[in-house]
There are 4 protein chains.
Amino acid sequence: MEVEPDRQESVRLFKRRLIRDAAKRIFSEKGIGGASVREIAKAAGYTTGAIYTYFATKEELYADVLRDSLDALHDEVVAATAAATADRAAAALRGLWTFYDSRRSDFELGFYLYGGARPVGLTPELNRELNGLLDRVMDHIAGCLADDGLAEPEHAHHLAVSAATWVFGLLLMTKTGRLRSLGEDAEAQLDTYLSTLTTRNETRKQR
Amino acid sequence: MEVEPDRQESVRLFKRRLIRDAAKRIFSEKGIGGASVREIAKAAGYTTGAIYTYFATKEELYADVLRDSLDALHDEVVAATAAATADRAAAALRGLWTFYDSRRSDFELGFYLYGGARPVGLTPELNRELNGLLDRVMDHIAGCLADDGLAEPEHAHHLAVSAATWVFGLLLMTKTGRLRSLGEDAEAQLDTYLSTLTTRNETRKQR
Amino acid sequence: MEVEPDRQESVRLFKRRLIRDAAKRIFSEKGIGGASVREIAKAAGYTTGAIYTYFATKEELYADVLRDSLDALHDEVVAATAAATADRAAAALRGLWTFYDSRRSDFELGFYLYGGARPVGLTPELNRELNGLLDRVMDHIAGCLADDGLAEPEHAHHLAVSAATWVFGLLLMTKTGRLRSLGEDAEAQLDTYLSTLTTRNETRKQR
Amino acid sequence: MEVEPDRQESVRLFKRRLIRDAAKRIFSEKGIGGASVREIAKAAGYTTGAIYTYFATKEELYADVLRDSLDALHDEVVAATAAATADRAAAALRGLWTFYDSRRSDFELGFYLYGGARPVGLTPELNRELNGLLDRVMDHIAGCLADDGLAEPEHAHHLAVSAATWVFGLLLMTKTGRLRSLGEDAEAQLDTYLSTLTTRNETRKQR
DNA sequence: CATGAATGAGCATTCATTCAT
DNA sequence: CATGAATGAATGCTCATTCAT
């Protein structure tokens, strides 16, 4: 009598998750470039070789961590929006900020691997999948902008990308310590930027 | 009989420059992570060990390249501004964009090393120096914003950082290939953002 | 209630054969050094661990493939002889050549493992068995030489080994690419060698 | 004042030789497939990385060992010939035999690396160089055959390759233990084969 | 001041084999 | 019997750094 295949599969997935979480932890501690398979394996309670039962390649492991991260990002941005009655776009962008601000390595990971020129190795399909995940987030923000009356539908995507670009820039400056060194505060900057978005709205309405 | 100490020192600086320029070249070609001291040495016409006469550490070499880069950035932004009669802030921000867009590795270098928690090795003084260099750039942009009537003097720095943040975000998204994957175009985004700055100006004036 | 032991045993042998054939296929494709147990198992429709139910060791699997190969060699040499009415020895030697020439890995396998000092792991009995298989081939060739009047019975074995030695040398030079690099052709060499054997015969007869 | 470049270069060559000799020793002990760079380094009194100062690649090390071996082979065959007044071809072939018989790994090495299909990686030029070295040996043997009146000049090369083929076959059978298992003796086989060459000569003359 | 040999730790990956299920 | 996860040692190779010359 065989073990139920579903249970077997779910155990496998659980273990993959264990390794993925260990990888995340190590990425946070040592940075992505500094994380070795050896160390990830040890952190997950495995020997080096065992990792390759679950991930064919270090890059495949990267990709899985990243996919998980982008999934969580989408969920968090959507949740942040759902909690808001007005100013949904501001809520979404704040969600984007909060998500990456509170996670040590996700931001670095996302911009290191995802479609970047440098550390290729992702299969094209995988690359497309990850691109699609980010696109979904952008579409959601675009929808919020349109709902709030901050942009006409045909310009919403353009503006959503622009706003997300600013948030990513803020994250970059914060994580690398520049913002602090320039005597600026992330939250204050965020408040200013988001209020500018709203102001623009009122300007548009008045016309 | 000793050589004049000044001459000695200037020769030393000259050779440091030779090595730094070689490093820059290699960084551009192979990326910063992919550049080995061996290769930089060879490109500079030295053997491996000689590098360590001028730079105690690979990171110190990084820092020197970065200092040079920030110096050049400042010069370019100032030059871009000087060429403009109106919309000086837009010209400065465009200069910021152009500088990093046209240099393969400077952006990567700047945000990898500069003040970040990860790749330590910078002495605190050096760190302060590099921060100061960036600050000068921000101050210049702030001045332009004030000159253009885009911000009151006491808010100019805050806005300058915000605008630079957006440009850095755009660079990040461009260099990692995300912008393209989202179907957006860097130049178009830049145009939109800069025209928004100007529009806001007019709004302020009308009040 | 137990299964009839004979049937059990024959099933076991059948499965061994399945694995052995898969191993052969993989050996041909990847070379003997490049074949992993994993890959052989997959080609046989088994998982890795299952192989070890049938073969205690990778080397034991090697040995089984080799035994099968020597068996087939004997059959082919005998068949080649049976088809010939005259010059039976030449036919046998040509059969020896053809057998190894047309099989990608058998020659490599035979001389890699068989009795060599290097890759031990063959039990002495097994070693003796394999030696015996080769000996049978040599005896057959010796018989042909005697039948053809090319050697007196007491010298036939000595000459058979000499002739086989030459064929093995030709295979070695062909498979390693040397013959081609020396500007020589295997078939032409073979023709010359075999005709020399016949000529010697006539010489002996004339005396 | 710099070190004399000649001395420096000769030291380098000497150390290369040390490593090459260590490699040879390890090849003999463990077989070529079983020799790791680590082990060779240790045997040479170096750490692993140091090997790569002298040889860019494991294969380059292989190639150097092989080149050295083929050079020595040529010298030994020529020397064996020079010592003989009559039957120079027999002397050359005996030299071929003796050379490889007395060296544990040279034979395996030669046929493993040299132009074989399996372990490529040799640059084409290198491959050609090594082929040329063997060709020189063959030409020498061909010259001896012609001198001895054993072959007309236009057939000498063909016959030289045939004879060398036989010797290589004998080496193969000896080194893998087969000859002994067949109850045959290498020296006796060699005597028979060489005397056949001579006999053929007389036959030709009588005609 | 410059050389380049040498170090030694590190890397991703592979693989024969074992064993709990 | 069969599975496939897990082991642990091994492999070729790289690289920042040191130091005798």
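Throughout, protein chains are lettered first and strands after them, A, B, ... in sequence-line order, and every chain is numbered starting at 1.
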#### Entry: Out of E:dA2, F:dC13, F:dA5, whichever nucleotide has its closest atom nearest the side chain of A:Arg12
F:dA5
### Query
Whole Å only: how far is the CD1 atom of B:Ile19 from the P atom of E:dC1?
11 Å
### Message
With a 3.5 Å distance limit and no angle check, can you tell me whether A:Thr57 reaches the backbone of A:Glu60 through a side-chain donor-acceptor pair?
### Response
no
### Task
Would you mind classifying the nucleic acid contact of C:Ala56 as base, sugar-phosphate or nothing, using non-hydrogen atoms under 4.0 angstrom?
nothing
### Message
So B:Tyr54, base contact, sugar-phosphate only, or nothing? Heavy-atom distance under 4.0 Å.
### Response
sugar-phosphate
### Summary
Per nearest nucleotide of DNA chain E, the residue lying toward the 5' end, C:Gly34 or B:Ala50, is B:Ala50
### Query
Within this structure, what is the CD-to-C1' distance between B:Glu39 and F:dA16, rounded to whole angstrom?
14 Å
### Query
Rounded to the Å, how far apart are C:Ile26 CD1 and E:dA16 P?
12 Å
### Task
Give the rounded distance in Å between these two atoms: CD of D:Glu9 and P of E:dG4.
11 Å
### Task
Look at D:Thr53 and E:dA5 and indicate whether a side-chain polar atom (N or O) is within less than 4.0 Å of OP1 or OP2.
no
### A:Ser36 side chain near E:dC11 phosphate (N/O to OP1/OP2, under 4.0 Å)
yes
### Query
With sugar-phosphate meaning primed atoms plus P, OP1 and OP2, does D:Ala35 contact a base, only sugar-phosphate, or nothing at under 4.0 Å between heavy atoms?
sugar-phosphate
### Query
Rounded to the nearest Å, what distance is computed from the CD1 atom of residue D:Ile51 to the P atom of nucleotide F:dT14?
14 Å
### Task
Report the C-alpha separation of D:Arg20 and D:Arg17 in whole Å, then their side-chain angles, then the decisive distance to 0.1 Å, and conclude whether the side chain to side chain contact (heavy atoms under 4.5 Å, CB included) test is met.
CA-CA 5 Å; D:Arg20 183 212 294 150; D:Arg17 202 145 44 228; 3.5 Å; yes
### Query
NA contact type, B:Lys42, heavy-atom cut-off 4.0 Å: base, sugar-phosphate, or nothing?
nothing
#### Entry: Residue closer to the 5' end of DNA chain F, C:Gly45 versus D:Gly49 (nearest nucleotide)
C:Gly45
### Message
Go nucleotide by nucleotide along DNA chain F from the 5' end; which of B:Lys58 and C:Thr48 gets its closest nucleotide reached first?
### Response
C:Thr48
#### Entry: Pair C:Lys175 + C:Glu108: basic N to acidic O under 4.0 Å
no
### Query
Can you tell me if the side-chain N/O atoms of B:Lys15 get under 4.0 Å from OP1 or OP2 in E:dC1?
no
### Query
In terms of side-chain heavy atoms of B:Arg38, which of F:dG12, E:dC15, E:dT7 is nearest?
E:dT7
### Query
Between atom CZ in C:Phe55 and atom C1' in F:dA2, what is the gap in whole Å?
16 Å
### Query
Under a 3.5 Å cut-off for both distances, is E:dT3 Watson-Crick or wobble paired, and to whom?
F:dA20
### Query
Just by modelled atom types, is the C:Tyr54 backbone N or O under 3.5 Å from a matching donor or acceptor in the C:Arg16 side chain?
yes
### Query
How long is the line joining OH of C:Tyr52 and P of E:dA20, in whole Å?
17 Å
### Task
Run the salt-bridge test on C:Asp21 and C:Lys24 with the 4.0 Å N-O cut-off and return the result as yes or no.
no
### Message
With rounding to the nearest 0.5 angstrom, report the CZ to OH distance, A:Arg67 to A:Tyr62.
### Response
15.5 Å
### Task
To the nearest Å, give me how far apart CD (C:Glu59) and P (E:dC15) are.
16 Å
